[in-house]
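To start, the structure itself, in structure tokens.
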Amino acid sequence: GAGVSQSPRYKVAKRGQDVALRCDPISGHVSLFWYQQALGQGPEFLTYFQNEAQLDKSGLPSDRFFAERPEGSVSTLKIQRTQQEDSAVYLCASSLAGGFTEAFFGQGTRLTVV
Amino acid sequence: GQQVMQIPQYQHVQEGEDFTTYCNSSTTLSNIQWYKQRPGGHPVFLIQLVKSGEVKKQKRLTFQFGEAKKNSSLHITATQTTDVGTYFCAGPHRGSTLGRLYFGRGTQLTVWP
């Protein structure tokens, strides 16, 4: 596609609810990142995929967070039993070669947990 | 662990004034990337610097990468209202095979007309 596409753009979840955030990277980009961005902060790394392999998940804040990219293209970030501190913008980015080349970001999903 | 620090956190300038933001890493970076995020938007890539001491220019923007590859700066000459946004530096640390990008906290630039 023309750019990185994320859906939904906005999500309101009740505390305890599970959510799934989708990322459609640029076609041909082997690298995919998920970041969490709180208001007034820089993007915080969550996890990184190279094709379908999740090479780094050290940034996932708890075992309630799970990400997958089963066919090496579309990725889903799942948050189980959401809590208020999970409220943030979740950004997906893709690139040709990890952090060594330009990363293209999607518009993000703003998650609000009430 | 890896930390990328940026200063200042906020900068307010009058249109026409210059602006500089500084980025410092606790470890050597293999490259440094700069991104701009407009209010309500997502980060957009500006430039990548790879070589020690490298300087690159994009119109009114000048980017520098330090000799030790631990610091970088972005300088904007004669700011315009279109420069408003948050500027982030980011980089994978040297030796990283994964290319995990660490982002600084950003410098939020406000330009008064």
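Proteins come first, then strands; the chains are lettered A, B, ... in the order of their sequence lines, and each starts at number 1.
No part of B:Gln6 comes within reach of chain A, as not one of its non-hydrogen atoms sits under 4.5 angstrom from that chain. Using a 4.5 Å cut-off between heavy atoms, A:Tyr35 contacts chain B through its side chain alone, with no backbone atom that close. Using a 4.5 Å cut-off between heavy atoms, A:Gln37 touches chain B through its side chain atoms alone. Contact of A:Thr101 with chain B is made through the backbone alone, with heavy-atom distances under 4.5 Å. In this structure, chain A has no heavy atom under 4.5 Å from any part of B:Gln108.
For the residue pair B:His75 and B:Thr20, the shortest heavy atom distance occurs at ND1-OG1, 2.6 Å. In terms of heavy-atom proximity, A:Trp34 sits nearest to A:Ala67 at CD1-CB, 4.4 Å.
Listed for the A:Thr47 side chain is a donor-acceptor partner under 3.5 Å among the backbone atoms of A:Asp56.
More than 12 heavy atoms of other residues, nucleotides or ligands shown are found within 6.0 angstrom of CZ on A:Arg9. Crowding of A:Lys57 atom NZ: a count of heavy atoms from other residues, nucleotides or ligands under 6.0 Å not exceeding 12.
By number of non-hydrogen pairs under 4.5 angstrom with chain B, the leading residue of A:Ala103, A:Gly106, A:Gly108 is A:Ala103.
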